[in-house]
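Notes for the one structure printed next.
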Amino acid sequence: MSDDCVHRGDGRFCPDCGKDLRPDPINRHTVLNELVENWWEKGVLHTLIGLFRRPGVLIRRYIESDRDILVKAVPYIAVALTLNIALRARFLPGSTKTDLSVIEMLQNEPLIMPLLSALISALVLHFIFYRGASAGLFGTMVMRLYVLAQATLLVVAADLTMQLFLADRSIGRNLVRLTFGLGFTIFAVRQFYAGEGRGGWIRAIAAIICGELALILLVYMPAAMIEQAGLLD
């Protein structure tokens, strides 16, 4: 299709470039068709399953050589977070409540906390634990977005499963959620850097834990201090 085509002809398709001159009206049917065409048929199933089985390998391949192997990172995490919010609102009301109104305010903007988490973790990975890695800072950020999206889906699936057996949100249930999320993240990070000879479990565990501690120090502790000082009253 040429951008400078004048689109001559009275039929539905231009005889020169093939552009559809009479597209279907936008309704529920066309939106669903576009969703299937642009997501399902273009690799969302492969992305979903592949990132559970070989997250580090596929993300490394996406960054270095094949940009068609995975759904793009930002749309993917946006859909994962939207799905997470929708499922929790429907089946797990109150599951994201905290005692800090500042954090509640940030969580009302569903992309802020995940992006902050991914950014801080990427900085810790790139500048402290895996300095000089070939992915670079932006590649590390892309990796963390994919892993965060996948960990989010894994945790909400585990939480929905536990909902069938545990009615209350016990400490054990929260520990299971934390184990699923951090466990998958550590597994993905270890696999991501294994090709460079930096894929040890101890380094991966330390990197992810330090990233979580940095998030607490840079976001949650300031939020608690703001709350305690009453600066938002």
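These numbers come from the heavy atoms of this one structure, side chains and all, not from hydrogens, waters or symmetry mates.
- Residue V57 is not grouped with residue V147 when hydrophobic side chains (ILVMFWY) are merged at heavy-atom distances under 4.5 angstrom, including chains of intermediate members.
- Distance check: L125 CG to R131 CZ gives 13.0 Å after rounding to the nearest 0.5 Å.
- Here the side chain of S121 pairs no donor or acceptor atom with the backbone of S117 at under 3.5 angstrom.
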Working for side-chain contact (heavy atoms from CB on, under 4.5 Å), residues Q150 and L48: CA-CA 8 Å; Q150 209 71 2; L48 181 65; 4.0 Å; yes
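- The closest side-chain heavy-atom distance from D159 to F180 is not below 4.5 Å.
- Residue A80 comes nearest to T152 through the heavy atom pair O-CG2, 4.3 Å, listed as atom of the first residue, atom of the second, then distance.
- Within a 6.0 Å radius of CZ in F138, no more than 12 heavy atoms belonging to other residues, nucleotides or ligands are found.
- For E196, the side-chain contact (heavy atoms from CB on, under 4.5 Å) test picks out R60, A133, S134, Y193, R198, with sequence neighbours left out.
- A donor-acceptor contact shorter than 3.5 Å is absent between the side chain of T47 and the backbone of L70.
- One finds the CZ atom of R53 at 9.5 Å from the NE2 atom of H46 (value rounded to the nearest 0.5 Å).
- V156 places none of its side-chain heavy atoms less than 4.5 Å from the side chain of L83.
- Under the ring-ring contact (aromatic ring centres under 6.0 Å, His included) criterion, Y62 pairs with Y146, not counting sequence neighbours.
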Steps toward side-chain contact (heavy atoms from CB on, under 4.5 Å) verdict (L137, F127): CA-CA 8 Å; L137 178 59; F127 289 108; 4.2 Å; yes
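- In this structure A204 satisfies the side-chain contact (heavy atoms from CB on, under 4.5 Å) test together with Y130, I186, V189, R190, sequence neighbours excluded.
- A118 pairs by the side-chain contact (heavy atoms from CB on, under 4.5 Å) definition with M141, R144, L145, L148, not counting sequence neighbours.
- The distance from the NE2 atom of H126 to the OG1 atom of T140 is 6.0 Å, given to the nearest 0.5 Å.
- One hydrophobic cluster holds both I63 and I69 under the rule that ILVMFWY side chains link at heavy-atom gaps under 4.5 Å.
- By the 4.5 Å heavy-atom criterion applied to side chains, Q191 and P55 are counted as neighbours.
- The distance from atom CG of L182 to atom CD1 of I209, rounded to the nearest 0.5 Å, is 7.5 Å.
- Take I128 and apply the side-chain contact (heavy atoms from CB on, under 4.5 Å) test, not counting sequence neighbours, and it matches V124.
- Identified under the ring-ring contact (aromatic ring centres under 6.0 Å, His included) test for residues 194-213, with sequence neighbours left out: none.
- Nearest heavy atom pair, residue F129 against residue C210, reads CZ-SG, 3.6 Å.
- The two residues I120 and A214 make their nearest non-hydrogen contact at CG2-CB, 3.6 Å.
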Derivation of the side-chain contact (heavy atoms from CB on, under 4.5 Å) call for L153 and N84: CA-CA 7 Å; L153 295 175; N84 175 56; 5.8 Å; no
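- Around CZ of R203, the count of heavy atoms belonging to other residues, nucleotides or ligands within 6.0 Å exceeds 12.
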